[in-house]
Amino acid sequence: MTQSVIRVNLPQNAYEIAIASDGLDRLGAWMKSLGLGKKVMLVSNPTVFGYYGSRAIESLESVGFEVAHYLFPDGEEYKTLASIQGLYDEALAFKLERSSTMVALGGGIVGDMTGFAAATWLRGIGFVQIPTTLLAMVDASIGGKTGVNHPEGKNLIGAFYQPRLVSIDPKVLATLPDREFRAGMAEVIKYGVIWDAQLFAQLEAAPQLDRSEALPPNLLQEILIRSCQAKADVVSQDEKEAGLRAILNYGHTIGHAVESLTNYTEFLHGEAVGIGMVAASRIALAMDLWDRQCDDRQLALIEKAGLPTQLPPGIDFDSIVAKLQTDKKVKDGKVRFVLPSAIGKVTVSDRVPEDAIRSALATLR
Ligand code: NAD
Ligand code: GLY
């Protein structure tokens, strides 16, 4: 068993990310060591619970936790306040107390919703993340962004609420559909570009990046460690996104516009981020922030991960430019872009000329 522990060093709410190949079975012991109360509500969806629910419950019960479970239906369309109401009802019936814990077993959707419910039930009870998608392992489970969608926009309702523990068992990726794995790989590549040149080099040296089984377990472990460390470093320095944390949105500005203009049906989030990173790189090229060789290296990694790198034919540049104005991160009418300046380094700019955006987009057709 290889186990690695990464600390998210927040002044008030520090916690650990444990990465271990038998993490699911050690969950109970980990939680017990944190002194969490007896009652635990395990929250998941039918897909993930079907694979891993009983192992998680066994691990918790074996050390004396009293466990109930609640399942959200699977899918982004259920990431709503109405779904949370069902969990609140169950929390009431099971008599969850302030000392109790909600444990999220699933991808980013289950994690975001469970975190929001934990933040709001009794004004805040314990919360533990067991991410089961690559995207949730390296991104969504770390950093305390929780919430649900509003009919008018994604993640408009939410709270910052840090978990007490993130427990990652890489073996659960064996059942994750390949397309979901690739979408998570986009966020991994993102960390290589924005923060960790060594991670980027390791990804370049990897034989394949498009399927979890194609990665040797020690390489997968290393990729998880470096990605989680990158996210932990950034969040530890800027918990509530006052500044630095915005760099995590690399590839997300154009990415969000593409997702939204295709009605969230054509691309998974990570796939849109892949396109967004290519676009951001081309903007950086147009503005002389970085060079063609860096652009080529990033493109090669995104292609190696089997992610799309071109804009779909159905959306025109005018609608993308117009959509950018509705981005959550627009400040005083100015669109903020995260732009690469070297492998492992980015800057944030709200002075990107529209010409640079349009000429960059033209290279993605
Ligand atoms: P997801 O939660 O929808 O999971 C993807 C699919 O994989 C689902 O059908 C799920 O049931 C299935 N699945 C999950 N783990 C599995 C496993 N091990 N084996 C088999 N199937 C499995 O998608 P996601 O990409 O993990 O998360 C997307 C959500 O995360 C979005 O709602 C997004 O807004 C949110 N998000 C949040 C943050 C944050 O910082 N909080 C960051 C990024 C994304
Ligand atoms: N996923 C971006 C963030 O956590 O800030």
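In each ligand, atom 1 is the first atom listed, and ligand 1 is the first ligand listed. Just so it is clear, the values below take in all heavy atoms, side chains as well, and ignore hydrogens, waters and symmetry mates. Given the structure is predicted, the values throughout are model-derived calculations rather than measurements.
- Between Lys231 and Glu187 there is no salt bridge, since none of the side-chain N atoms of the basic residue sits less than 4.0 Å from a carboxylate O of the acidic one.
- Defined by atom type and a distance below 3.5 Å, a donor-acceptor pair is present between the side-chain atoms of Asp233 and Gln229.
- Residues passing the ring-ring contact (aromatic ring centres under 6.0 Å, His included) test with Trp290: none are found, sequence neighbours excluded.
- At a 4.0 Å heavy-atom cut-off, ligand 2 touches Asp139 through the side chain alone.
- Listed by first and then second residue, the ring pair (Phe, Tyr, Trp, His ring centres under 6.0 Å) pairs involving residues 174-197 amount to none (not counting sequence neighbours).
- Ser227 places no side-chain N or O within 3.5 Å of a backbone atom of Leu224 that could act as its donor or acceptor partner.
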Name the atoms and distances for all side-chain donor-acceptor pairs under 3.5 Å in residues 85-96, with sequence neighbours left out.
| unit_1 | atom_1 | unit_2 | atom_2 | d |
| --- | --- | --- | --- | --- |
| Gln85 | NE2 | Asp89 | OD1 | 3.0 |
| Tyr88 | OH | Thr120 | OG1 | 2.5 |

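- From the protein, the heavy atom lying nearest to atom 4 (O) of ligand 2 is Lys231 NZ, 2.5 Å.
- At under 3.5 Å, not a single nitrogen or oxygen of Asn249, backbone or side chain, sits near a nitrogen or oxygen of ligand 2.
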Do any nitrogen or oxygen atoms of ligand 1 lie under 3.5 Å from a protein nitrogen or oxygen, and which ones?
| unit_1 | atom_1 | unit_2 | atom_2 | d |
| --- | --- | --- | --- | --- |
| ligand 1 | 2 (O) | Gly108 | N | 3.1 |
| ligand 1 | 2 (O) | Ile109 | N | 3.1 |
| ligand 1 | 9 (O) | Asp74 | OD1 | 3.1 |
| ligand 1 | 9 (O) | Asp74 | OD2 | 2.9 |
| ligand 1 | 11 (O) | Asn45 | ND2 | 3.0 |
| ligand 1 | 11 (O) | Asp74 | OD1 | 3.3 |
| ligand 1 | 11 (O) | Asp74 | OD2 | 2.8 |
| ligand 1 | 15 (N) | Thr132 | O | 3.3 |
| ligand 1 | 15 (N) | Thr132 | OG1 | 2.7 |
| ligand 1 | 18 (N) | Thr132 | O | 3.0 |
| ligand 1 | 18 (N) | Val172 | O | 3.0 |
| ligand 1 | 19 (N) | Thr175 | O | 3.4 |
| ligand 1 | 19 (N) | Thr175 | OG1 | 2.7 |
| ligand 1 | 19 (N) | Leu176 | N | 3.4 |
| ligand 1 | 26 (O) | Gly108 | N | 2.8 |
| ligand 1 | 26 (O) | Thr133 | OG1 | 2.6 |
| ligand 1 | 27 (O) | Gly108 | N | 3.2 |
| ligand 1 | 32 (O) | Glu76 | OE1 | 2.9 |
| ligand 1 | 32 (O) | Glu76 | OE2 | 3.2 |
| ligand 1 | 32 (O) | Lys79 | NZ | 2.8 |
| ligand 1 | 34 (O) | Lys79 | NZ | 3.1 |
| ligand 1 | 34 (O) | Asn155 | ND2 | 3.1 |
| ligand 1 | 41 (N) | Asp112 | OD1 | 2.9 |
| ligand 1 | 41 (N) | Ala140 | O | 3.4 |
| ligand 1 | 41 (N) | Lys145 | O | 2.9 |

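- Each of Phe127 and Ile84 belongs to its own hydrophobic cluster when Ile, Leu, Val, Met, Phe, Trp and Tyr are linked at side-chain heavy-atom distances under 4.5 angstrom.
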